Amino acid sequence: MRRKSPYNAVNGAIVKALQDIAGRKNVLVDAEALEPYTHDEVVDLRADPEVVVRVTSAEQVAEVFKLAQRERIPVTPRGAGYGLSGGAVPVHGGIVLSTEKMNRILEIDKENLMVTAEPGVITGDLHRAVEEEGLFYPPDPASLDSCTLGGNIAEGAGGPRAVKYGVTQDYVRGLEAVLPSGQIVHMGGKRVKDVTGYNLIQLLIGSEGTLAVVTKIILRLLPLPRYRVDLLVPFNDFGSAAQTVSDIIERRIVPATIEFMEQDSLLAVERLLGRELPFREVAAQLLIQVDGNLQETLEAEYEAVAEVCLDNGALDVLVAKDSRTRDRLWEARRLIIDALNNESPLNHMEDVVVPRAQLPTLLEGIQDIADRLGVRIVSFGHAGDGNVHVNVLKDDLSQDCWQAIVPQASEALYRLAISLGGTITGEHGIGVTRRPYLPLALDETQIAIMRGIRQVFDPNRILNPGKIFP
Ligand SMILES: Cc1cc2nc3c(=O)[nH]c(=O)nc-3n(C[C@H](O)[C@H](O)[C@H](O)COP(=O)(O)OP(=O)(O)OC[C@H]3O[C@@H](n4cnc5c(N)ncnc54)[C@H](O)[C@@H]3O)c2cc1C
């Protein structure tokens with residue numbers, strides 16, 4: 001027997017009401033126009049929205065919520081749809097609320113080192129705008145030229161520079177958000193300090209669009225570091241590469257990034273590009289960036305980093321001091337996801353995280369899982385944070401075999417990460433894909449507290465249902 005949906009269907013009157021709120025051209029109903037909103041970047045996960053509304057203000061979001069409450073229609077917020085856990089996929093249909101048109105940078109405040117922006121601003125555009133003023137917004141998800149600030153906040157996004165500079169949650173100082181009730185709330189501001197009551201800003205960060213829709217964002221900025229040097233370092237075995245990461249930090253040097261790429265991922269990039277990359281025969285490479293304001297200090301730091309690498313068996317250290325060479329060194333890292341999609345259109349990405357020192361054990365364990373299940377697993381990612389992107393590839397496995405292997409591989413990987421003091425996702429979130437596994441990572445009490453918080457924000461469950469909780 002089919003379970004009755006707790007929600008009503010969108011009808012012509014609701015579409016008309018949305019058109020009155022956001023304007024006719026901002027309400028999409030044709031199948032062709034809706035198609036881009038049926039998925040994010042999770043391979044093989046799709047659901048149809050009944051209508052998309054492209055809002056342009058907090059007041060419009062509030063009106064959409066009031067309508068959705070009255071009519072009992074689910075609302076799924078969406079930034080750019082570049083998520084990797086299905087957060088923006090409307091699994092219960094209803095309204096997709098897109099912030100793509102709220103894309104203005106409202107103010108760069110050089111006196112307070114803060115920027116105020118709308119949620120639909122593309123992260124890379126914000127980077128470029130503040131860098132023109134000699135300022136720096138460090139969080140740099142690899143998807144930065146596509147994803148939005150609102151999506152970054154909802155997912156608590158990280159990126160390669162997390163090693164030294166932290167992640168999105170370390171930069172958000174103020175938020176305007178609209179609650180499912182339609183109330184508009186202003187939290188925080190351009191203040192460096194604030195301990196007034198519970199920290200609601202941090203509660204919204206990483207809440208995956210299940211508590212409120214963020215409509216304005218105040219971010220803390222840093223002065224742009226004056227110098228950067230990038231190092232590409234090949235190793236003959238990935239245990240040595242992983243050990244090098246811990247050894248660098250133990251020397252009390254904190255690079256801006258330490259990225260890890262194993263040979264299989266680099267060979268996939270070669271096949272995508274149709275040409276050879278440097279050090280193609282090695283088992284693993286580290287891509288390390290050091291930055292700072294004093295050239296002498298920086299040189300001493302990168303020389304010390306190179307020394308640690310060579311002491312750990314690095315075969316060479318390629319150094320890039322200008323942007324052309326730097327782009328060449330980073331080219332392969334940036335193309336890995338595309339290359340793996342090209343290699344095996346059906347693939348499954350996990351993003352487990354462990355304490356940095358456990359990285360060698362994690363990588364060994366991943367290899368064991370691949371051997372045991374007889375599946376190809378390719379790893380790369382943010383070694384400096386202990387956060388590894390683990391890609392299970394279908395290649396030429398049968399569909400039945402693939403469907404049986406993915407949950408086994410995911411669960412084995414989660415259990416491994418947890419046993420090493422880590423957890424099941426470092427930056428991509430729970431969304432739809434990791435929902436069944438939340439109880440592996442959190443105990444009943446924590447899940448009950450989280451459910452209670454959601455109940456306070458959204459007692460009628462109209463906001464992004466079907467996410468996070470099993
Ligand atoms: C090639 C590639 C590389 C990636 N690299 C990284 C990386 O290095 N680090 C990293 O952390 N992630 C990475 N990601 C994942 C993804 O880019 C991030 O999760 C990003 O933050 C998603 O932003 P988005 O605008 O695309 O959000 P969407 O996918 O549109 O939405 C993501 C979630 O945010 C919610 N949401 C969106 N806007 C709002 C809002 N205004 N208010 C409330 N909720 C909202 C949605 O409901 C959904 O739950 C990568 C993805 C790809 C495809």
Side-chain angles (χ1 to χ4, degrees), residues 36-37 39-43 45 49 52 55 58 61 65 74-91 95-103 117-124 126 139-162 166-169 172 175-180 204-217 257 259 333-341 347 349 351 353 380-382 385 387-389 391 425-433 435 457-458 463-468:
Y37 302 89
H39 61 90
D40 63 2
E41 288 293 309
V42 174
V43 178
L45 175 70
V52 172
V55 289
V61 177
F65 272 138
V75 177
T76 303
R78 181 180 179 98
Y82 260 69
L84 285 169
S85 53
V89 180
V91 289
I95 300 170
V96 163
L97 185 149
S98 167
T99 61
E100 69 201 90
K101 294 207 159 176
M102 296 184 74
N103 60 359
E118 292 183 324
V121 170
I122 299 296
T123 311
L126 185 99
D140 59 341
S143 52
L144 64 88
D145 282 321
S146 307
C147 65
T148 66
L149 294 176
N152 294 169
I153 287 170
E155 295 292 351
R161 291 199 284 243
V167 296
T168 304
Q169 72 187 41
V172 185
L175 288 180
E176 175 189 82
V178 187
L179 306 184
L204 290 195
I205 297 170
S207 64
E208 302 190 23
T210 62
L211 299 181
V213 169
V214 170
T215 46
K216 200 185 289 175
I217 301 159
T257 72
E259 295 288 293
R333 169 64 185 89
R334 293 205 176 104
L335 286 173
I336 292 176
I337 293 185
D338 288 345
L340 294 177
N341 286 334
N347 63 67
M349 191 200 282
D351 94 304
V353 59
F380 68 95
H382 315 305
D385 323 334
N387 181 204
V388 179
H389 298 326
N391 294 263
T425 170
E427 42 180 45
H428 297 164
I430 300 294
V432 179
T433 50
R435 207 158 78 103
F457 276 80
D458 184 21
L463 182 54
N464 215 353
K467 309 294 161 67
I468 302 182

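First listed ligand is number 1; within each ligand, the first listed atom is number 1. Numbers here simply count residues along the sequence, with the first being 1. These numbers were taken from a predicted model, which means no experiment stands behind them.
Within ligand 1, counting atoms from 1 as listed, the ones closer than 4.0 Å to a heavy atom of Ile337 are 1 (C), 2 (C), 3 (C).
Residue contacts with ligand 1: Thr76 is excluded, as none of its non-hydrogen atoms falls under 4.0 Å. For the pair Ser207 and ligand 1, no heavy-atom separation below 4.0 Å is found. Using a 4.0 Å heavy-atom cutoff, Met102 is absent from the residues neighbouring ligand 1.
If you look at His428 next to ligand 1, the close heavy atoms, those under 4.0 Å, all belong to the side chain. Heavy atoms from both the backbone and the side chain of Pro141 come within less than 4.0 Å of ligand 1. With a 4.0 Å cut-off on non-hydrogen atoms, Thr148 touches ligand 1 through its backbone as well as its side chain. For Glu41, every heavy-atom contact with ligand 1 shorter than 4.0 Å involves the side chain, none the backbone. The residue Ser146 has no part lying near ligand 1, judged by heavy-atom distances below 4.0 Å. Looking at Asn464 against ligand 1, only its side chain comes within 4.0 Å, counting heavy atoms. Only the side chain of Glu155 comes within contact range of ligand 1, with a heavy atom under 4.0 Å; no backbone atom does.
The line from CD1 of Ile205 to CD1 of Ile217 is 9.5 Å long, rounded to the nearest 0.5 Å.
Side-chain N/O atoms of Glu100 and Tyr37 include a donor and acceptor closer than 3.5 Å. Side-chain polar atoms of His428 and Glu41 form no donor-acceptor pair below 3.5 angstrom. Neither side chain, Asn152 nor Thr168, offers a donor N or O lying under 3.5 Å from an acceptor on the other.
Residues Phe380 and Asn391 approach most closely at CE2-ND2, 3.1 Å, considering heavy atoms. Taking each heavy atom of Lys467 and Thr76 in turn, the nearest pair found is NZ-CG2, 4.0 Å.
The protein atom (non-hydrogen) at minimum distance from atom 42 (N) of ligand 1 is Val214 N, 2.9 Å.
When the heavy-atom distances from atom 44 (N) of ligand 1 to Ala157, Gly206, Gly209 are ranked, the shortest goes to Gly209.
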